[in-house]
Amino acid sequence: MAAVATTEPQNPLTAGLERLPVAPTTLVIFGATGDLARRKLLPALYNLAHDGALPERFHLVGVARRDKEHEHYREECEQSIRQFSRRTPHEDVLKRLLEHVRYVPGTFDDASVYSRLEGVLDRFEEHAGEPLSRAFYLSTAPSFFPVIVEALGKQGLDRHEGAEVRVVIEKPFGASLAEARELNRRVLGVFEEHQVFRIDHYLGKETVQNMMAFRFANGMFEPLWNRNYIDQVQITAAEDIGIGTRAGYYDHAGALRDLIQNHMLQLLCHVAMEPPVSFTADEVRNEKVKVLQSIEEPIPEEIPGMAVRAQYAAGHAGGEDVPGYLEEPGIPPDSTTETFAALRLEVDNWRWAGVPFYLRTGKRLARKVTEIAVTLKPVPHLAFSQDGSLGVLPNQLILTLQPNEGVSLRLGAKIPGSRMVIRPVHMEFLYGTAFLSQSPEAYERLITDAMRGDATLFTRDDEVEAQWRICDPILRTLEHTRGPLSQYEAGSQGPEEATDILLPEQSWRAI
Amino acid sequence: MARDLSSAVQSRPDAVWSAEGTTPDAIEAALRELVKQRHGENGGLAPARALNMIAFVESRYRGEIANRLAGVGRYHASRLVVLSYDPERTRLDARAVVSSDDDPAEGELGLLRERVTVEIGKRHLDDLVTIVDPLVVTDLATLLWSPHGHPEAVDALLELAQTVLVDSLDDPSWREAIGRACELRSRAYVVDLAWLRSTPWRERVAAAFDSQAMRAELEKVETVAVRHHPDSTVAAMLLVGWLASRLGWNVSPLSANGGVLTGTAGVDGQKVAVRLEQAPEQEVRGLESVAIATATGRRLGLRRGTGGLRARSRDAGGHEREWTILGASRGESGILGEGIRQSLLRDPTYGPALEAAEAMTP
C-alpha cells in the first residue's frame, strides 16, 4: 500500500513541459473487441497519438476470444477510431498508430494465449532493442479478472527486467465486499499494489479533480467547511435516460453497485476529506480512506431508515411515453433490481459529526444532473420581516459536475423597492466561460497516468474494500427485504419513499 | 456621429453593431447591449470570461489576420479587440459582434464571444490606452499581439496587458528578434510562437533522456547539431538555449560562417560542440532536425517526418534503430491557438532559454 520511495534525480529537461514523458510501453487490452475498447479505449489512444502524448515507442496488442488476423483487427481498430474519436483522425498518424497493432486470439483461460502474447511482446522488444514497459488493461467481464491476472503470473508476465509492468482493472471491482476482498487477494497474489490500477473513470473527469482545486486552493470555504456551519450535503447523480442497451449488465448490478458504491462514495470523499499533505497518489488516497473509515458500517436494523431503493415505472420523458424498467428489452419481468437508490450516511469524525450526507442516484429521473449541494445552517437571528417575500433561505453552495460544470452560491438579497424584502438569488460561476481549453476525455488521462505509474486517480485496495464495507450490508439487507420494490414514475423526482430517510426539517433538492 | 444603437442591432446568429465617428464609451455600451440581447434571446448563452486579446494590425492586412484568428480552433479569446491601423485615418469607426457557435438547448451552456474592430489612425496612437482601456473586460487577463511590428503601439499598450504574443521568426533580423523578446520579457510575460513550434522537439529530447540510464548521459553530451529553415535561426537558438539553461551549460557567442553558426558550451569539463545550420530544402518554418551525441558513443537524431517526428538512435555498442514518434502537426493556425492558450499559463523555461540564446548571439 505504501508508495515506492524514490531518490532518483529529476530529469532537468522535463521542467515546464505540460506533457511529461511516458516510458516506451506496450499496452495489452484484454477484451479488445468489446464495447469499452471500441468506444473509449481505442479512440482515447488515437487522440493521445494525435497530441503526441503516447510514449515515443508504443505498441498495442488486442486479446480477445474471436479468431482473426492482425490485419482484420487493425481494420476494426480503424473503424472504431473513425466512429468514436472526438476529432477527425489525421491519416498519417492513424496509419502509423495502426502499424504497431497486433492481435492475439484465444480464451482467457487458455495458457497458450499467454505464451503467444509473450512472443509478441518479445518481438516488439527485439525490434526496439530495449525492454518496454507493459500495461495489461483488463476490459473484460469481471469474472475474467482473476483468471487473466493469474495466467499472467504463471507465464511470468507480472515482472519484467529493466521495465515496469502494470495491470489496469476496469470496474466493477467485485459485486460485494467478499468478492472485492477475494479479487484483491488474487490480484495481489501476483502483482504488488503499486502495479495495480483500479479504474473508476469518474476520477479521471476534470470536474472531479476540480473539486480538490475548489476546496484546497480557495481559502474562503475552509473556515465554513465543517459541522459548525454546514447543515447537510446532498450528492445527486440523476439520469433522464433509461438503461438503454445495458440491460444485461445493469440488471445484475443495479443503482447501488453501478454508481453509489464507487463514483458517489468517491464524490463524498472529495467533499469530506482533509487536505492532503501533498498531491501524491498515496497522500490523497490516505485521506479518502480515512473518510470511508469514518462512516460506520450500517447495521441491518437501521438500514430501512437510511436507505431507499426503487424501480422506474412507465411515465413520460422528453415529451414521450416511456416504458417502465420491467418492460425494457432484456429485463426479466420479475426483476427486483433497483434503478433508484438513496442513502443517508454520517461521517463520524471531528469535522463532520452530525452532518447528514445524502447520496441519490437514479435512471429516468426528471433531468440529467450530477451535483453536490452543500447547505449551510440558517442565520441565528433574522432582523427582517418575511412578509411578502419568498423567505430567507439558508445559503447553499452547489457544485455541478454535469452537464454544466460550475459553482453556484445561493444568497439572500433585497428585492428592489421601498420595503426590506428578501429573496434568494444565485451567484453563478460556469467553468466553461472561464477556460479556453476543453477537458480531455477521462480515459485519455487515465491511460496516460497508468502508463506513467501515477496512481492518484485510481482506487487503492483498502479504498475499494472500505467502499464495499459501507455498501455491502445495505445491499444484503435491501435485497432480502420482502415485498414489492417501490416504484416511481419515469421522468419524476424519484420515489416518494426517498423522503423517509431525511432528517426532520430537511428536504431533497429538486432534480 | 454614432448611429442609433437599437436599429443597428441584428438578430441571430451574430448580434452586430457598428458606428462611424464613435467613442470608446459608446462601443463599450454597445457591447454590453449586444451581450444582454443575446442572453435575452437564449438564457443558456453566457459571455466567455477567460481572456481579453488586443490585436494591433495594419488595416490592409486585416483580412489575413481575421483568417488566422478564425483558424485557432477552440482557443478564441473571450473578447477580441482589433485595432485596425491606417495612418491616414482621422475618425474612429467601430464594429462590434457578439457571436456564439450555436444556440444551446434548455439546460445547456453556450458561450458568447465578443469581437470589436476599431479603425484608428496615426493621430490616435498617442491615446491608444484611453481608447482600448474601456474596451477590455476588467480583471481579465489581457494578451497583446502586434503581428506587423509597430513597437510603438506595443509599448503604449503594454500597461493594459500582462502577456505579449510575439513570433520571433517574423522579425527579418533574428538577432534583433532575440533582443526585442528579451526587452519585452522585462516588462511582461512573453509567449513566443517560435518557442511553441519547438515544443514537440523539446518533449522528445526530454523523453529520450528520461530513463535513469539515459539521464546520466546528459552530463556526457558532446555535440548538439540543429538544422532549421533559413528563416528560423531563432528557433534553433532557443532550442540550444533551452538545453544550455536546463543543463547548466555556460555559453558564449557563436561564430557565424555563411548559413552556419558554431561554437561551444559546457560546464565542469564537459565541452559541447554546437552547430546550427540552415536547411534550405525545408519548406515550412521551424526546425528540420536535431542531433545529440554523447561521449559514450550514443546518438539521438530527430527529424521531421509524416505522421510525427522520425527518431534515430545509436547505442553505445553502435546498434542503430529508427522509428516514428506519433503526433500530428498543429499547423500555423494551431500554433497561434496554442499561443493564445499559453498566455494563461506560465512556462518557467522560456526566459532562461531566451537569455542563453542572447548570450550565444554572435
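Predicted model only: the values in this text are computed from it and were never measured.
Highest contact tally toward chain B, considering only A/V93, A/V369, A/D51, is held by A/V93 [criterion: heavy-atom pairs under 4.5 Å]. Heavy-atom pairs under 4.5 Å with chain B were tallied for A/L430, A/D92, A/N404; the largest tally goes to A/N404. Most heavy-atom pairs under 4.5 Å with chain A: of the set B/E203, B/M214, B/H319, this distinction falls to B/E203. Top candidate by heavy-atom pairs under 4.5 Å with chain B, chosen from A/G129, A/P403, A/P55, is A/G129. With respect to chain B, the highest number of heavy-atom pairs below 4.5 Å among A/A23, A/A53, A/A128 belongs to A/A128. Heavy-atom pairs under 4.5 Å with chain A were tallied for B/L109, B/T349, B/D347; the largest tally goes to B/L109.
In this structure, the side chain of B/R246 engages the main chain of A/P12 through a donor-acceptor pair within 3.5 Å.
Residues B/A50 and A/A434 share a closest heavy-atom pair of CB-O, 3.3 Å. Listed here is the closest heavy atom pair of A/T433 and B/A46: CG2-CB, 4.1 Å. In terms of heavy atoms, A/L17 sits closest to B/A206 at CD1-CB, 3.7 Å. Annotation for A/N11 and B/F209: closest pair ND2-O, 3.6 Å, computed over non-hydrogen atoms. Nearest heavy atoms, A/H90 versus B/A328: CD2-CB, 3.8 Å. Pairing each heavy atom of A/G52 with each of B/R204, the nearest pair is O-NH2, 2.7 Å.
In this structure, the separation between CZ on A/F435 and CG on B/L111 is 12.5 Å, given to the nearest 0.5 Å.
Residue B/L51 touches chain A through its side chain alone, counting heavy-atom pairs closer than 4.5 Å. For B/A213, no part lies under 4.5 angstrom from a heavy atom of chain A. Of the atoms belonging to B/L112, not a single heavy atom falls under 4.5 Å from chain A. At a 4.5 Å heavy-atom cutoff, the contact between B/I340 and chain A is made by backbone and side-chain atoms alike. At a 4.5 Å heavy-atom cutoff, A/P24 makes no contact with chain B through either its backbone or its side chain. Only the side chain of A/E18 comes within contact range of chain B, with at least one heavy atom under 4.5 Å from a heavy atom of that chain. With a 4.5 angstrom heavy-atom cutoff, B/E320 does not touch chain A via any of its atoms.
Taking 4.5 Å as the limit, every side-chain heavy atom of B/D210 sits out of range of all side-chain heavy atoms of A/L20. Side-chain contact between B/T324 and A/E99 is absent, with no heavy atoms from C-beta onward closer than 4.5 Å. Residues A/L54 and B/I325 are not in side-chain contact: their nearest non-hydrogen atoms beyond the backbone lie 4.5 Å or more apart.
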Stepwise, does the side-chain contact (heavy atoms from CB on, under 4.5 Å) test hold for B/W323 with A/E56?
CA-CA 9 Å; B/W323 69 99; A/E56 63 174 278; 2.8 Å; yes

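Applying the ring pair (Phe, Tyr, Trp, His ring centres under 6.0 Å) criterion to A/F84, with sequence neighbours excluded, gives no partner residue.
When the shell of 6.0 Å around NE2 of A/H127 is examined, it contains 12 or fewer heavy atoms from other residues, nucleotides or ligands. Within 6.0 Å of CG on A/N218 lie more than 12 heavy atoms contributed by other residues, nucleotides or ligands. Other residues, nucleotides and ligands place more than 12 heavy atoms under 6.0 Å from the CD atom of B/E322.
Chain A is approached within less than 4.5 Å, heavy atom to heavy atom, by no residue from residues 298-305 of chain B.
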